[in-house]
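Right, one structure below, let's go through it.
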Amino acid sequence: MKITFCVSGISRTPIGGEKVIYELANRLALEGNEVTISAMSSESLKKTKLPLSVRILICKILIFIKILPSWFNFNKKVNIDIIPSYSSKYFRNADFIVATAVSTAFPVYRLPKNKGQKIYLIQGYENWNKSNSYVNKTYSLGMKNIAIAHWLKEIVQKYDKNNTYFLPNAIDTSIFYPVKPLDERNKHVIGLLYHKNKCKGLKYAFEALDLVHREYPDILVEMFGTPERPDVPEWYIYHRNLKQNEVNELYNKCSIFLCASVEEGFGLTGAESLAAGCALVSTKYKGVYEYARDEYNALLVPIKDSKKLAECIISLFKNDDERIRIARNGIESMKERSWSQTLKTFQHILND
């Protein structure tokens with residue numbers, strides 16, 4: 001099959017949704033499919049104020065020499081086309097073309113039939129830059145809608161019941177897995193993802209960790225992200241622009257991983273931390289129920305409740321056997337989310 005993924009650009013920093021797209025592209029290519037990622041270039045290197053043609057050339061060179069993106073290794077079989085606009089002349093003919101975000105939904109919908117059957121991969125309710133009515137309209141264009149979470153599928157089905165499918169997110173347990181034994185980890189080390197988006201709920205995570213620190217001044221927070229180090233106390237160790245194997249090393253330093261998201265489609269880092277042996281303490285945002293069960297492989301509390309987050313962390317500090325039980329259940333539950341099964345499901349949806 002010939003499959004094109006239409007993306008708004010090649011991300012220079014790790015983003016969960018982009019990672020899913022890139023993994024799908026890699027694995028489909030390894031299955032013998034002809035896979036292309038068509039990436040818009042209009043926003044690339046915009047701060048340099050260089051002409052668009054020059055920026056496109058620079059992007060192509062950076063991708064060719066594998067500097068862009070530095071955090072993900074594309075398989076050499078995946079074609080990456082840097083395109084200046086969504087005009088049909090810049091897209092290859094294909095069997096399927098996949099819109100990967102609300103920003104690419106209408107451009108893909110408008111392409112002629114020879115560019116491929118229209119697919120819409122939906123990884124979140126993307127209303128942060130668009131109105132709800134605009135987002136909902138993208139679900140009713142007649143494309144084959146694929147949602148990565150059950151709660152998203154329920155929303156999308158309201159606008160196109162017959163063309164909506166579910167695709168479970170996968171976790172690569174060859175990359176994210178326990179290295180350090182659970183009972184040998186420092187039980188007062190907590191993992192945390194730093195992100196500026198308010199939906200990640202960092203305000204509540206910081207409040208919760210302050211509460212924990214008052215009772216346990218020896219705690220360490222292993223925090224990672226892509227922005228500059230935020231203004232946090234010295235007991236936060238900040239890691240910037242980690243590669244995937246380095247993220248797994250960080251998870252393995254931690255006994256607990258904290259997630260305070262307010263709204264998120266899935267929450268990839270929470271699932272990865274489970275695979276690596278962390279006990280997850282998380283808010284009850286919609287996406288977390290795709291992989292977490294309260295008191296089985298995670299402790300879940302209401303969103304925006306810093307006090308409850310702190311109480312759960314402290315309860316695991318006080319009961320190491322419980323922390324290890326939850327972490328072991330997390331490891332086992334992530335083994336069920338294999339890429340081979342997700343890939344089979346995706347191919348079945350395309351051919352349905």
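Numbers for residues simply follow the sequence, beginning at 1.
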How are the rings of [X] and [Y] set relative to one another: parallel (under 30°), tilted (30 to 60°) or perpendicular (over 60°)?
X	Y	result
Y216	F317	perpendicular
Y251	F224	perpendicular
F346	F5	parallel

Quick one: are the ring centres of W151 and Y285 less than 6.0 Å apart?
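Between W151 and Y285, the centre distance exceeds or equals 6.0 Å.
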Can you list, by chain and residue number, the hydrophobic cluster partners of L182 when the side-chain cut-off is 4.5 Å?
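Reading the cluster by chain and number, L182 sits alongside I324, I331.
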How close do A105 and Y120 get, counting heavy atoms only, and between which atoms?
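Where A105 meets Y120 most closely, the heavy atoms are CB-CZ, 3.8 Å.
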I'd like to check the side-chain hydrogen bond (donor to acceptor under 3.5 Å, both in side chains) partners of [X]; sequence neighbours left out, ordered by chain and number.
X	result
E34	none
Y165	D352
D321	none
E184	none

Residues in salt bridge (Lys or Arg N to Asp or Glu O under 4.0 Å) with D81, at least two apart?
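Scan of D81 (salt bridge (Lys or Arg N to Asp or Glu O under 4.0 Å), adjacent residues dropped) gives R92.
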Closer than 4.0 angstrom, basic N to acidic O: yes or no for K203 and E207?
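Answer for the salt bridge query: yes.
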Would you say K2 and N33 are linked by a side-chain donor-acceptor pair, where the criterion is simply a distance under 3.5 Å?
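No, K2 and N33 have no side-chain donor paired with an acceptor closer than 3.5 Å.
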Quick check on salt bridge (Lys or Arg N to Asp or Glu O under 4.0 Å): which of R27, K19, K335 does D172 satisfy it with?
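Testing each of R27, K19, K335 against D172, the sole residue satisfying salt bridge (Lys or Arg N to Asp or Glu O under 4.0 Å) is R27.
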